[in-house]
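Below is one structure; the comments refer to it alone.
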Amino acid sequence: MPPPSRLLAVLPAGAVQPPPFDVLLKLHAHLLVSGLLSHSPSPYGDRLIAAIALSDPASPRPLLHALSLLASLPSPPYSASPYNAALRALSSCQHQHLLDRHCLPLYRALLRSGSARPDHLTFPFLLKACARVQDRAYGAVVLGHTQKLGFSADVFVVNAAMYFLSVCGSMVHARRLFDESPVRDVVSWNTLIGGYVRRGLPKEAIELFWRMVEENTAVRPDEVTMIGAVLGCAQMGDLQLGKRLHEFLEGNGVRCTVRLMNTVMDMYVKCGSLELAKSVFERIDTRTVVSWTTMIVGHARLGLMEDARRLFDEMPERDVFPWNALMAGYVQSKKGKEAIALFHEMQEARVDPNEITMVNLLSACSQLGALEIGMWVHHYIDKHHLYLSLALGTSLVDMYAKCGSIKKAIRVFKEIPDKNALTWTAMICGLANHGHAVEAIEYFQRMINLGLQPDEITFIGVLSACCHAGLVEEGRQFFSLMHAKYHLERKMKHYSCMIDLLGRAGHLDEAEQLVNTMPMDPDAVVWGALFFACRMHGNITLGEKAAMKLVELDPGDSGIYVLLANMYAEANMRKKADKVRVMMRHLGVEKVPGCSFIELNGVVHEFIVKDKSHLDTNAIYACLHEITIQMKHAANMIEISETGIM
DNA sequence: GTAGGGTTAG
């Protein structure tokens, strides 16, 4: 151990990286034994606390040790510096619970110490910490202290105050501080620009950016400024502005770091120019995982999954992000099978999945109806004690409902602690699709009573519930309610639902009128619903009209010709039925083979009509044959029992 | 010594 005279050199003041935690622990013991910590006041205690607090940001232990040391000093510190060091470590520590628990007590202890006073370093750390714990009320108190103690002209304090307000308060207040501040530096501008972007106010951010450029003061935009401006531009999706910003930063000597160029790439992707994103990507010579992931996302969003996969394979190292990005791409392209295969690959590569992986995986299960895998995911979440977040809970509800297990969907739904409108919507749609119309409407009422705002999808749920149950009057009410009370735009899907409901119930005139007055061109689903209703109720004239529209919309679709022929046949119009069949042959319309999936032991198998490619084809067909016989037998039994012979 | 920043999911 060094003699006391050299200890202060071992315990550096300021930004120098302190020695490792275990060395400092020994030093602590040494200081205790030699009585150097019991002097009052003692520079050793201050420096020791600061050094320990900052010795290892990755572990919570040093910080806790420093905090307890601070509380147990025989005499209070005579400057704010040990408090500052602890606050500095807290304000940037990764352990949110430590921050939540210790931040404010620490500042209160400083105020109560009597010997130390908050200084110009205390407030930047403290305000950052307040922003991170989202404590509006206490932050406001702290802001009051900065004024009272005369820090209104300290640019570091003002900037930190602006940051706090931009996170926890209002941008108007942050802006006022900016406008009234006697001093501004590049961080002041960046904080405000960044605040606007975080609050989803890109216009204000860009406006401020141009003002910063035009005022042409000593303050010039730097890398952080440009990241803010480019992010704002990405939010607006304005490609022209994006190009201008890109040119600006290249012409004004802004450091083109990887971080900035990644942001530019992301902006080009969001503004719809994969080409420009690609050209930026090719000019980055030290690409990071983020650069590659952004390119994967860019390709995946356009459905270019083969290119996305190629990029994924080419990249030198991968964390969970690129795996999730590629998986999300497969899910969005409705390639659930590939998404699940990728998850298996991910497990083989020993990459830990996170919540987002699970959400994607559940979407894939929903698409495929893969209940077994979905249940495995549920089990995995329980086993690994993953928090049932809103996104995860909602995905689980959706998966169980779409995979046919409405009871499990309801059970999960009840377990989710803070349900939002999306969660309720998933449940309502699930109930509706399972034919539980009354329950779906009941859930809708409960959701409304909780004060939650339904969206367009919620109404698709309730309208389809009405449709399944033939609740015409309720349907009419919901249909007008969504527009009149909730100011939601009625989309194609709502109209098709409503037309289906009216048509099935035999209100063909009302259905036709709705088709004629709807604000968009009716699609195939609308005409299909109308056609179905006409066939059901024997309205041949209107049915023909709907069928013609369907042919117009998709001349290659064989289905409608078949259905039209069936409609004529049912109405005993044999000649017309034959005519349609002849027409089909002339036009060379081919029947599209049907296709289906089945999940077995966690593997999804795909079949098309008359498919013989599966390894177990013979066994499958034998089984199918057996089932068919049994079903016919069962049907006969029912028929017999219903006719009263048995 | 202090303040400001990018990527994944819906």
Side-chain angles (χ1 to χ4, degrees), chain A residues 12-18 50 54 80-81 84-85 87-89 91-92 119-129 131 151 154-164 166-167 174 184-198 222-232 234 257-267 269-270 287-298 300-301 318-329 331-332 353-363 389-395 398 420-423 425-426 455 457:
Chain A
V16 186
Q17 177 60 40
L54 301 168
S81 91
N84 291 347
L87 273 172
R88 176 182 170 194
S91 71
S92 52
D119 64 14
H120 64 114
L121 296 175
T122 311
F123 289 112
F125 297 135
L126 184 59
L127 286 164
K128 183 182 176 184
F151 289 105
D154 183 311
V155 72
F156 280 86
V157 176
V158 174
N159 289 345
M162 276 171 42
Y163 175 70
F164 166 76
S166 76
V167 172
R184 274 176 221 161
D185 63 5
V186 67
V187 178
S188 320
W189 291 88
N190 293 353
T191 305
L192 204 56
I193 292 173
Y196 282 132
V197 171
R198 235 179 297 114
D222 68 0
E223 183 205 347
V224 181
T225 323
M226 293 317 299
I227 287 176
V230 172
L231 274 171
T257 58
V258 193
R259 284 180 140 191
L260 176 53
M261 295 330 276
N262 286 345
T263 312
V264 172
M265 268 172 49
D266 176 58
M267 176 275 294
V269 166
K270 290 194 173 127
R287 293 168 193 152
T288 62
V289 177
V290 178
S291 326
W292 288 91
T293 306
T294 307
M295 284 314 282
I296 291 174
V297 173
R301 286 206 182 145
R318 305 174 195 98
D319 59 14
V320 67
F321 283 89
W323 287 94
N324 286 349
L326 192 62
M327 198 185 288
V331 171
Q332 281 153 17
N354 64 11
E355 184 202 328
I356 286 151
T357 321
M358 292 303 161
V359 170
N360 280 322
L361 200 52
L362 287 169
S363 292
S389 71
L390 265 183
L392 206 48
T394 306
S395 303
D398 185 62
N420 69 0
L422 294 180
T423 321
T425 297
D455 65 5
I457 313 290

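Protein chains get the first letters and strands the later ones, always in sequence-line order, with residue 1 at the start of each.
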Sugar-phosphate only, base, or nothing, as touched by D222(A) at under 4.0 Å among non-hydrogen atoms: base
Using whole Å, what does the distance between atom C1' of nucleotide dG5(B) and atom CZ of R198(A) come to? 9 Å
Partners passing salt bridge (Lys or Arg N to Asp or Glu O under 4.0 Å) against K128(A) (at least two apart in sequence or in another chain): none
Applying salt bridge (Lys or Arg N to Asp or Glu O under 4.0 Å), can you list everything that pairs with E355(A), at least two apart in sequence or on another chain? none
How long is the line joining CG of D398(A) and P of dG10(B), in whole Å? 11 Å
N159(A) CG to dT2(B) C1', in whole Å, measures 11 Å
NA contact type, F125(A), heavy-atom cut-off 4.0 Å: base, sugar-phosphate, or nothing? sugar-phosphate
Separation of dA3(B) C1' from L127(A) CG (nearest whole Å): 10 Å
Dump every N/O contact between nucleotides 7-9 of chain B and the protein below 3.5 Å, one line per pair.
from	atom 1	to	atom 2	distance (Å)
dA9(B)	O3'	N360(A)	OD1	3.4

With sequence neighbours left out, write down each residue that passes side chain to side chain donor-acceptor pair (under 3.5 Å) with N420(A), or none if nothing qualifies. T423(A)
From CG of L54(A) over to P of dT2(B), roughly how many Å is that when rounded to an integer? 11 Å
Testing the 3.5 Å rule here: is there a donor-acceptor pair between the side chains of T294(A) and S291(A)? no
Rounded to whole Å, please give me the gap between CG in D185(A) and P in dG5(B). 14 Å
For F151(A), all residues meeting ring-ring contact (aromatic ring centres under 6.0 Å, His included), sequence neighbours excluded: F123(A)
Taking side chain to side chain donor-acceptor pair (under 3.5 Å) as the definition, give me every residue that meets it alongside D266(A), ordered by chain and number, with sequence neighbours left out. K270(A)
To check you understand the geometry: which heavy-atom pair defines the closest contact between I296(A) and A325(A), and what is its length? CG2-CB, 4.1 Å
How many whole angstroms separate atom CD1 of I193(A) from atom C1' of dA3(B)? 15 Å
For S166(A), answer base if it contacts any base atom (sugar-phosphate contacts may also be present), sugar-phosphate if it contacts only those atoms, and nothing otherwise; contact means non-hydrogen atoms under 4.0 Å. nothing
I need the CG-P distance between L422(A) and dG10(B), as an integer number of Å. 12 Å
